[in-house]
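Working notes for the structure below.
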Amino acid sequence: MAPLATAYPDAVAGSTDAYQVWETVDPEKWVPDGYVCIRVDSRGAGRSAGLLDMLGEQEARDYYEAIEWAGTQGWSNGRVGLLGISYYAANQWLVAALRPPHLTAICPWEGFTDFYRDLNRHGGISSRFGQAWQDHQIFTVQHGVGERGRRNPNNGELVAGPPTLSEDELAANRVETIAEGKRRELVDDFSRARTPDLTRIEVPVLSAANWAHHLHTRGNFDGYAKVSSPQKWLEVHGHEHYAEFYTDYGVDLQKRFFGHFLKGEATGWEHQPPVRLNVRHLGGSFEGRDEHEWPLARTRWTRFHLDAASGSLSTTAPAAERTIEFEALGPGVDFWTEPLTEPLEITGPASARVRLASSTTDADLFVTLRVRDPDGNEVSLVSAIDEHGVLAVGWLRASHRELDEARSLPHQPWHPHTRTLPLTPGEAVDLDVEIWPTSLVVPPGYRLGVTLSGRDFQMPGDGPWPVIYGIEQRGNGVFVHDDPDDRPAGIFDGTTTVHTGPDARTSLLLPVIPITAR
C-alpha cells in the first residue's frame with residue numbers, strides 16, 4: 001500500500017493498515033460505522049479446501065451461500081452488500097444474477113462482466129494479462145501452497161495452508177481457467193458459464209468505472225446499461241486502479257450508497273443523480289459533472305474520416321479512393337487532425353469502420369486514439385494501470401468481423417465470436433471495431449490522432465518503462481496481445497492494406513460533447 005499512501009495520504013489516514021487487503025475494504029474505516037466486513041476465501045484458495053475454479057458456477061453458488069449465512073446471523077440486520085475491486089467486483093455480477101434473498105445492494109468497482117470480451121480476448125485476440133495475473137496472484141495463494149506461501153502478519157497462520165501439497169497435487173485441485181480461455185478461440189459454454197446474465201440483476205447497483213482500464217472499463221458501463229435494477233447508478237473516475245476506491249472521495253460515495261440501502265440512514269442518496277462523471281482534462285485534472293443518462297443524450301455523434309492520401313483525420317470525407325500499406329508487426333499508420341481551433345470534448349463509447357485487406361488469411365487490427373501537443377509531442381494520460389496511457393483503444397481480429405446486427409449499435413458494434421471468417425489474401429473486407437468508452441477535453445492547438453496497426457501501440461521514446469508481471473508497459477499497461485501461440489507466423493505477420501475514400505468509408509465515430517451546452 002506504499003504507493004497509495006504516498007500519492008493519496010487520505011486513503012490510509014486513520015488506519016493502522018494492519019487488516020487491509022488489496023482490492024477489498026479496510027475494516028478500520030468501516031467497522032467503526034457499524035458495518036460488519038466479511039472476507040471469504042473462495043473454494044480452493046487461501047484456507048478453503050476444494051477445487052479452485054475461478055469465476056465458475058460452483059464459486060458463484062458458494063458466494064450465494066456465504067451471503068445467505070451472513071444475512072441470517074444474530075448480529076446481522078438481514079441486509080448484505082457487496083463491495084470490492086477487480087475480481088471482487090467481477091464476481092459480484094455473477095452472484096447477483098443468482099438473486100440471493102439477503103443480497104440488498106452491490107457496488108462493483110472497476111470489474112469486468114464478460115469473461116471472453118473483457119478478460120481473455122479483446123476482439124477475439126488473446127490478452128497476455130490473464131495468465132500473468134493468475135500465475136502471480138491466484139496460484140500463489142491456492143489452498144495447499146502452505147509453507148511455500150506467506151503468513152498472516154496478525155495471527156501467524158499460513159495464508160494458503162495449513163497443508164503443503166506438491167505441485168502435482170495443486171495442479172489436480174484447480175481448473176486452468178485462463179489456459180482454457182486461451183485454448184478456446186470462440187465463445188462457447190465455458191465462457192458463457194463465467195459471464196453473468198446481467199438482466200437478472202435487480203438489486204440496487206452502484207457501478208464505478210475507470211476511464212482507462214483495459215480489463216474493467218467496458219464491464220462497468222455494460223453492467224450499468226444491462227442490469228434490470230430499477231435503482232442503478234454509474235460513477236466514472238480516473239487515476240490509478242488502486243486510488244479512488246480508497247480515497248475520501250470513493251469511501252464517501254460508497255458509504256452514502258450503503259448507508260442508504262443497508263442501514264436506512266439519511267445519507268442524501270435519494271437525491272444522487274443517475275450518472276456521476278469525472279471528465280478528464282490534460283495535466284491530470286478532472287471536472288466533476290452530474291448527468292442523467294449514459295451515453296449522454298446531447299452527444300453529437302461525429303464521424304472523423306481517415307484519408308490515406310494525406311494521412312489526415314477530418315470530418316470532411318476524402319474525395320478519392322486511396323490505399324496505404326503497413327507491415328502487421330510494425331508500428332502501423334497514423335492519421336491526424338489539423339490543430340484544433342477550439343476545445344474538443346470526447347466523452348462516451350466510440351467505434352471505427354475500417355476497410356482492409358491482408359496478404360494472408362487473417363489480420364489483427366488495433367485502433368489506438370492518441371493526442372499530440374502543439375509542439376508535436378505525444379500526450380500520455382495516467383491510466384488505471386499505465387502511467388503513460390493512450391486515449392482509447394479498440395481491437396478486432398478480422399476473421400471475427402461478423403456482426404450481430406440486432407445487438408449492435410453505431411457506437412458499439414457487437415461481434416458474436418461464434419465462428420471465424422478467414423480472409424482471402426488481397427480481398428478487402430469491412431471491420432466494425434468497438435472502442436471502449438473514454439473521456440478527455442482536448443485543448444485548442446492540440447491534435448487528435450488514430451493509429452491503425454497489427455500489434456499493440458507503443459508509446460514513443462526510450463522509457464524507462466514500468467514492468468509488471470514481466471510485461472513492459474508502453475501505453476497499454478499489462479494488457480498486451482503478443483502471444484505467439486495465438487498469433488502464429490505466416491498468418492499475423494503479413495502486410496495489411498487500408499482502404500479510404502467515399503466508398504470505403506474508413507472512419508471513426510466519436511462522441512463529441514458540445515462545450516457550450518453544459
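All values derive from a computational prediction rather than experimental measurement. Excluded from the calculations below are hydrogen atoms, water molecules and symmetry mates; all remaining heavy atoms, backbone and side chain alike, are included.
Relative ring orientation between His400 and His417 is described as tilted, the plane-to-plane angle lying within the 30° to 60° band. Ring geometry for Phe129 against Tyr469 counts as tilted: the plane angle lies between 30° and 60°, on a 0 to 90° scale. Taking the six-membered ring where tryptophan is involved, the planes of Phe190 and Phe115 are perpendicular, since the angle between them exceeds 60° and thus also 30°. Using cut-offs of 30° and 60° on the angle between ring planes, the pair Trp301 and His411 is parallel.
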Between Ser86 and Glu23, does a side chain to side chain contact (heavy atoms under 4.5 Å, CB included) hold up when you go through it step by step?
CA-CA 7 Å; Ser86 194; Glu23 295 184 331; 3.4 Å; yes
Could you go step by step and tell me if Glu167 and Arg148 meet the salt bridge (charged side-chain N to carboxylate O under 4.0 Å, His left out) rule?
CA-CA 11 Å; Glu167 291 298 332; Arg148 294 194 299 275; 3.5 Å; yes
Could you go through the side chain to side chain contact (heavy atoms under 4.5 Å, CB included) check for Trp93 and Val227 one step at a time?
CA-CA 9 Å; Trp93 303 110; Val227 297; 3.8 Å; yes
Would you sort out whether Arg280 and Thr438 count as a side-chain hydrogen bond (donor to acceptor under 3.5 Å, both in side chains), showing the intermediate values?
CA-CA 9 Å; Arg280 288 197 295 185; Thr438 188; 3.1 Å; yes
Starting from the C-alpha separation in whole Å, work towards a yes-or-no answer on side chain to side chain contact (heavy atoms under 4.5 Å, CB included) for Leu509 and Thr302.
CA-CA 6 Å; Leu509 183 64; Thr302 305; 5.9 Å; no
I would like to know whether Val441 and Leu344 meet side chain to side chain contact (heavy atoms under 4.5 Å, CB included); could you show each step before the answer?
CA-CA 6 Å; Val441 177; Leu344 173 67; over 6 Å; no
Test ring pair (Phe, Tyr, Trp, His ring centres under 6.0 Å) on Tyr224 and Trp294 and set out the steps.
CA-CA 9 Å; Tyr224 172 75; Trp294 181 265; 8.5 Å; no
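Annotation: the span from Asp118 atom CG to His213 atom NE2 amounts to 11.0 Å, rounded to 0.5 Å. Separating the CG atom in Leu356 from the OG1 atom in Thr506 is a distance of 8.0 Å, to the nearest 0.5 Å. Asp364 contributes atom CG, which lies 4.5 Å from atom CZ of Arg487 (distance to the nearest 0.5 angstrom). Between the OG atom in Ser207 and the NZ atom in Lys232 there is a gap of 10.0 Å [rounded to 0.5 Å]. Rounding to the nearest 0.5 Å places CZ of Phe492 at 13.5 Å from CG of Asp482. Of the inter-residue distances, the one linking Thr24 atom OG1 with Trp109 atom CH2 reads 14.0 Å to the nearest 0.5 angstrom.
Within the 4.5 Å cutoff, side-chain heavy atoms of Ile346 are placed close to those of Leu448. For the pair Met54 and Ile178, the minimum side-chain heavy-atom distance is below 4.5 Å. Within the 4.5 Å cutoff, the side chain of Leu431 has no heavy atoms near those of the Arg353 side chain. For the pair Leu306/Leu508, a side-chain contact is recorded, criterion being any heavy-atom separation below 4.5 Å from C-beta on. Taking 4.5 Å as the limit, some side-chain heavy atom of Leu510 sits within range of a side-chain heavy atom of Leu369. Side chains of Leu282 and Leu381 form a contact here, defined as non-hydrogen atoms less than 4.5 Å apart. Considering only heavy atoms from C-beta on, Leu198 comes within 4.5 Å of Ile201 through its side chain. Using a 4.5 Å heavy-atom threshold, the side chains of Pro343 and Pro443 count as separate.
In this structure, Thr217 contributes its side chain and His214 its backbone to no donor-acceptor pair below 3.5 Å. In terms of modelled atom types and a separation under 3.5 Å, the side chain of Thr500 and the main chain of Ala308 share a donor-acceptor contact. Looking at Asn210, its side chain does come within 3.5 Å of a backbone N or O of His239 through a donor-acceptor pair. A donor-acceptor pair under 3.5 Å is absent between the side-chain atoms of Ser507 and the main chain of Arg303, judged by distance alone. Using modelled atom types, one side-chain atom of Ser359 and one backbone atom of Thr495 make a donor-acceptor pair closer than 3.5 Å. In this structure a side-chain-to-backbone donor-acceptor pair under 3.5 Å is present from Ser358 to Thr360. Put simply, the side chain of Asp373 gets close to the backbone of Asn377: a donor and an acceptor are under 3.5 Å apart. Listed for the Arg370 side chain is no donor-acceptor partner under 3.5 Å among the backbone atoms of Glu378. Side-chain atoms of Thr424 never come within 3.5 Å of backbone atoms of Glu427 as a donor-acceptor pair (strictly under, hydrogens ignored). Gln131 contributes no side-chain N or O that, together with a main-chain N or O of Arg128, makes up a donor-acceptor pair within less than 3.5 Å.
Under a 4.0 Å N-O distance rule, the pair Asp430/Arg401 does not qualify as a salt bridge. A salt bridge is defined here as a Lys NZ or Arg NE, NH1 or NH2 lying under 4.0 Å from an Asp or Glu carboxylate O, and Glu345 with Arg300 fails to meet this definition. Salt-bridge annotation for Asp197 and Arg200: absent, with no side-chain N of the basic residue lying under 4.0 Å from a carboxylate O of the acidic one. The existence of a salt bridge linking Asp53 and Arg43 is excluded, since no basic side-chain nitrogen approaches an acidic carboxylate oxygen closer than 4.0 Å. A salt bridge does not link Arg61 to Glu59: none of the charged nitrogens lies less than 4.0 Å from a carboxylate oxygen. Ionic pairing of Glu434 and Arg218 is present here: one or more N-O contacts between side-chain nitrogen and carboxylate oxygen are shorter than 4.0 angstrom. Salt bridge annotation for Arg474-Asp386: absent, with no cationic side-chain nitrogen under 4.0 angstrom from a carboxylate oxygen. A salt bridge is absent between Glu327 and Arg455; no separation between the charged side-chain nitrogens and carboxylate oxygens falls under 4.0 Å.
Inspection of the Asp456 and His481 side chains reveals an N or O donor paired with an N or O acceptor under 3.5 Å. Side chain to side chain, Glu402 and His415 fail the donor-acceptor criterion of an N or O pair below 3.5 Å. A donor atom on one side chain and an acceptor atom on the other are found under 3.5 Å apart for Glu110 and His241. For the residue pair Thr451/Thr368, the side-chain donor-acceptor check at 3.5 Å is not satisfied. One side chain, Glu240 or Tyr8, offers a donor N or O that lies under 3.5 Å from an acceptor on the other.
For Tyr88, the OH atom is loosely surrounded, since the number of other residues' heavy atoms within 6.0 Å does not exceed 12. Open room surrounds CD on Glu57; 12 or fewer heavy atoms of other groups in view lie less than 6.0 Å from it.
With Lys182 as the partner, the side chain to side chain donor-acceptor pair (under 3.5 Å) test is satisfied by one option alone out of Asp483, Asp486, Thr177: Asp483. Here the rule is ring-ring contact (aromatic ring centres under 6.0 Å, His included) with His122, and of Phe366, Trp436, Phe112 only Trp436 fits it. Of the options Val393, Ile385, Ile471, a side chain to side chain contact (heavy atoms under 4.5 Å, CB included) to Asn476 is made by Val393 and by none of the others.
Both the sub-6.0 Å distance and the 45° axial angle are not jointly satisfied by Arg121 relative to the ring of Trp395.
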